[in-house]
Amino acid sequence: MPVPASRQDFAALLNDARRRDHLSIRAVAKIADVPPTTAQGWLNGKHFPTPALRGNYLKLVEHLDLVHAVPRDLWDESWDALEPALRSGHSPYLGLRPFRVADQELFFGRSSQSARLAAAVRDLAEREGHGILALVGSSGSGKSSLLAAGLLGREVTSGALTGWTGTELPVIRLLATPDVVLAGDPGRRLVVVDQLEDALALPPLPRRQFLDALAGLAEQAVVVVGIRSDAFDSASSEAVLEPAMSQPILLSSMTLEEFREVIVRPAESIGMTVDEDLVRILLEELAPASGDRIAPGALPLLSNALLLIWAVGNGRRLTLADYQAAGGIASAVERLAEQVYLSLDPAEKAAAERMFLRLVRVAGDELVRETLPLADVDGTTRPAMEAFVAARMLTTVDDEVRISHQALLSHWARLNDWLAEHRDDLAVMEKLRSAAEVWLVSERDPEALIPVRRLGVFGPWLERATRKRLLTDAEREFIAAAEDHFAHECDVVQARQKQLLRWRIATALLALVVVALTIALLVR
């Protein structure tokens, strides 16, 4: 059999051999020991194995008896080429990472929404002097970027809110410092509290503390909260949020023209051009069959694809060939996440899995993103974290790291497999986190400790030492304190029981002596 002329020809040959042997995609994945999505990419020629997976790929090739047909240019060296470009930080596209205030020069496509939001802020300030506004939008609609780069960036810097004092307070910071005193003129203070859904998913005590802090903040400034639309009902049930939720500012889907700005304008801002063919293909892939608006969830996927397209390009213009090399919008998140993961060594891969499990928590039936203090990232995990930060899939802010966007939870199959496998672990970890938070809030009061080893929900789970590696230092400290406290209590109880037993024995002996003496006296 002649050697195939190209890698694509070999992928087709591999797929034909798979069909000949009646192997499903899952069966192929099992042979190669890779996720089904990775195996499918190999078979349809969308991507080829990185160096870390060459052994897995060759196992499949050997199984299908195609070793003799492997072309010389088979191996995918794309991550080796992409990594330096992504780490350089020169890209005009941010991938999955939301825009920050400092990124306002690259922020396009939302000028009308930014102006509308600024007008609402001014109107509330003129009527009440302070209060809360709610910006509501679905996941992927760009709320965080609009609040940071649009409202706190352009509008405060040079737009309708020039002269105002703008402050961004993440949920976790407001929890840590609830008594915030704001600077600036009383009628011209703006505070943004984004991702309010994270606070609403907290246990009752910290949730109430957060809402009390938010109410205090709203007495000093106009507070704009960003909230996902699927948390609308939960927010509406809170008294402090009810006025804002009764008249929310709804973030609408972007138009095709606004998406064109998102594609073209960042590149133009650094002197690059974007081929019209590329713009047309991107819009065709994103747009519905009819209408001039694009579904909100497409925005982070587009941004991630543009980051990859830029990374594989020549630095002067973005072309349709770059788009094809990047693998298209639909697979860009999966492909980039897999390339980053597969570039790690075995110890770093295991550390990456543990890290991502720490970056997600269970809130009812939902999985939500969690922050992890950088101080809790050990030496083995840090290279893995930095690789995903370079790819914009993780974001570090204020000495913490978090998953950049919910889209990663939906579009990276390996992460979904981890979360499914460890769903029970996540539920236990969430209960343990809540118990540890109560203990920390009570200033480590021993009365707030619980006998973790004796409780069915924690005891068996903690029997495996490897699970403790999923916990933060504070949670491990809580467990150690609980074990010491209840071990000491057990010792005290045992000492008391022994003392009581000795007393009972002594009492019984004394009673026997009295009886003996009485009998002796009677006998006389």
Side-chain angles (χ1 to χ4, degrees), residues 33-35 37-38 50 52-53 56 96 172 198 201 333-334 336-363 366-397 399-437 440 452 457-480:
D33 192 22
V34 295
T37 50
T38 299
T50 56
L53 276 191
N56 303 67
L96 292 181
I172 193 166
D198 290 351
V333 173
E334 169 78 16
L336 183 54
E338 277 295 288
Q339 287 179 325
V340 175
Y341 175 78
L342 296 173
S343 72
L344 306 175
D345 66 33
E348 291 167 352
K349 286 177 182 175
E353 180 178 357
R354 294 194 302 272
M355 173 184 66
F356 275 102
L357 291 175
R358 288 297 310 158
L359 290 170
V360 180
R361 65 183 171 88
V362 176
E366 297 293 320
L367 292 173
V368 298
R369 291 175 292 157
E370 180 63 282
T371 57
L372 180 65
L374 291 179
D376 289 342
V377 179
D378 59 35
T380 304
T381 307
R382 189 162 287 272
M385 182 198 78
E386 290 174 348
F388 280 99
V389 168
R392 314 300 204 279
M393 296 193 157
L394 295 180
T395 301
T396 55
V397 181
D399 297 324
E400 294 172 334
V401 61
R402 70 177 291 151
I403 293 172
S404 296
H405 199 278
Q406 198 81 7
L408 191 63
L409 299 180
S410 306
H411 292 86
W412 186 21
R414 187 183 296 273
L415 177 55
N416 276 277
D417 291 343
W418 288 340
L419 296 175
E421 180 185 351
H422 293 280
R423 184 73 185 231
D424 292 341
D425 291 336
L426 292 176
V428 174
M429 288 161 59
E430 177 59 21
K431 290 181 175 69
L432 199 53
R433 181 182 293 121
S434 299
E437 285 174 353
L440 292 171
V452 288
V457 68
F458 298 131
W461 191 84
L462 290 170
E463 287 301 317
R464 287 178 57 185
T466 53
R467 285 169 169 162
K468 277 194 176 182
R469 297 167 68 186
L470 298 174
L471 305 176
T472 64
D473 288 342
E475 290 158 0
R476 285 191 286 266
E477 182 189 352
F478 167 75
I479 292 170

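Along the sequence shown, the residues carry numbers beginning at 1.
Side-chain contact check for Arg358 versus Thr371: every heavy-atom pair is 4.5 Å or farther apart. A 4.5 Å side-chain heavy-atom check between Arg402 and Arg369 finds at least one atom pair inside the cut-off. Proximity of Leu409 to Asn416: side-chain heavy atoms (C-beta onward) are nowhere separated by under 4.5 Å. Looking only at side-chain heavy atoms (C-beta outward), Met385 and Leu374 come within less than 4.5 Å of each other. Side chains of Met393 and Val333 form a contact here, defined as non-hydrogen atoms less than 4.5 Å apart. Considering only heavy atoms from C-beta on, His422 comes within 4.5 Å of Glu353 through its side chain. Side-chain contact check for Ile172 versus Asp198: every heavy-atom pair is 4.5 Å or farther apart. Residues Leu415 and Leu408 meet the side-chain proximity criterion, which asks for heavy atoms closer than 4.5 Å.
Between Trp412 and Glu338, the closest heavy-atom pair is NE1-OE2, 2.9 Å. Taking every heavy atom of both residues into account, Leu96 and Ala407 meet most closely at CD2-CB, 4.2 Å. Considering every non-hydrogen atom in both Leu394 and Met355, the closest pair reads CD1-CE, 3.7 Å. The minimum heavy-atom distance between Ala347 and Thr380, with the atom names listed, is O-CG2, 3.8 Å. Leu359 and Val401 make their closest contact through CD2-O, 3.4 Å (heavy atoms, listed as atom of the first residue, atom of the second, distance).
Shown here are the salt bridge (charged side-chain N to carboxylate O under 4.0 Å, His left out) partners of Glu370, two or more places apart in sequence or in another chain: Arg361, Arg433.
A perpendicular orientation is assigned to the rings of Phe356 and Phe388, their planes being inclined by more than 60° (bins at 30° and 60°).
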